[in-house]
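As structure tokens, the structure follows; a few thoughts come after it.
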Amino acid sequence: MDQVRLSDGVVTLTPFQAADIDAHLAGEDEQLVRWLNGGPSSRAGVEEYVRRCTAQWTHRGPARVFGIRTGPEPVLAGTIDLRFAMPCLAPGQVNIAYGLYPAWRGRGLVTRAVHLVCRYAAQEGADEGVIRVDPENPASAAVARRAGFRHSGRVTEPTGNPLDWYVRELAVDAPVRARTAVAHAR
């Protein structure tokens, strides 16, 4: 598996892995369940999710899930994932979804993480980032706007749920706050 490490000096992103399971389960709250997970996580469910995530990284699949880490001894603060292929996306678009654990919210960490994954997605060939937000989740919409995304409209998903779409053009040389290090090692 490629070890991808993205950092701006404050936030570091690395693939979500088995060592993150306990921190993820401890950090999950009602907001993550409502906006991101679709239901409370179980250990078995997260273990299966990590196996799927690892397989995606190993085979360079369309889903890339990162742990958002911060601090001198990086602590897991949340997750951010990229989906390079979904039925609702046009060619060249990548979906970005994120969630922070309660103790880490309100510090700008997820906005930094979005900047980092946008650059990474551009390096992987994506032209446009898409953040799909439930209209009742203003915090997520605020992150999208702070990260330079513009509201492009409301789309009713096949499930019948309306989502506000925020889009941003991606570029490999786009500025990222602080310094950015991108390393690929085998």
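Values in this document were obtained by computation on a predicted structure and should not be read as measured data. The chain is numbered in sequence order, starting from 1.
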Applied to residues 92-108, the salt bridge (charged side-chain N to carboxylate O under 4.0 Å, His left out) test, sequence neighbours excluded, yields Asp29-Arg105

What's the spacing between [X] [atom1] and [Y] [atom2] if we round to 0.5 Å?
X	Y	atom1	atom2	result
Asn161	Thr156	CG	OG1	9.0 Å
Leu116	Asp8	CG	CG	5.0 Å
Ser152	Ile131	OG	CD1	11.0 Å
Thr12	Leu6	OG1	CG	9.0 Å

Could you state whether Val167 and Phe84 fall into the same hydrophobic cluster, counting links through intermediate Ile, Leu, Val, Met, Phe, Trp or Tyr residues with side-chain heavy atoms under 4.5 angstrom apart? no

Do Trp165 and Leu170 sit in the same hydrophobic cluster, where Ile, Leu, Val, Met, Phe, Trp and Tyr count as joined when their side-chain heavy atoms come under 4.5 Å apart? no

Checking Phe66, Tyr98, Tyr101 against Thr79 for side-chain contact (heavy atoms from CB on, under 4.5 Å), the one that qualifies is Tyr101

Keeping the roles fixed (side chain from Trp104, backbone from Arg69), state whether a donor-acceptor pair exists under 3.5 Å.
no

Would you find a donor on one side and an acceptor on the other, under 3.5 Å apart, between the side chain of Thr70 and the backbone of Val10? yes

Just checking His24 against Tyr49, ring centres under 6.0 Å apart? no

Hey, can you pull the donor-acceptor pairs under 3.5 Å for the side chains in residues 90-97, sequence neighbours left out?
| unit_1 | atom_1 | unit_2 | atom_2 | d |
| --- | --- | --- | --- | --- |
| Gln93 | OE1 | Ala90 | N | 2.7 |
| Gln93 | NE2 | Glu128 | OE1 | 2.7 |
| Asn95 | OD1 | Arg132 | NH1 | 3.1 |

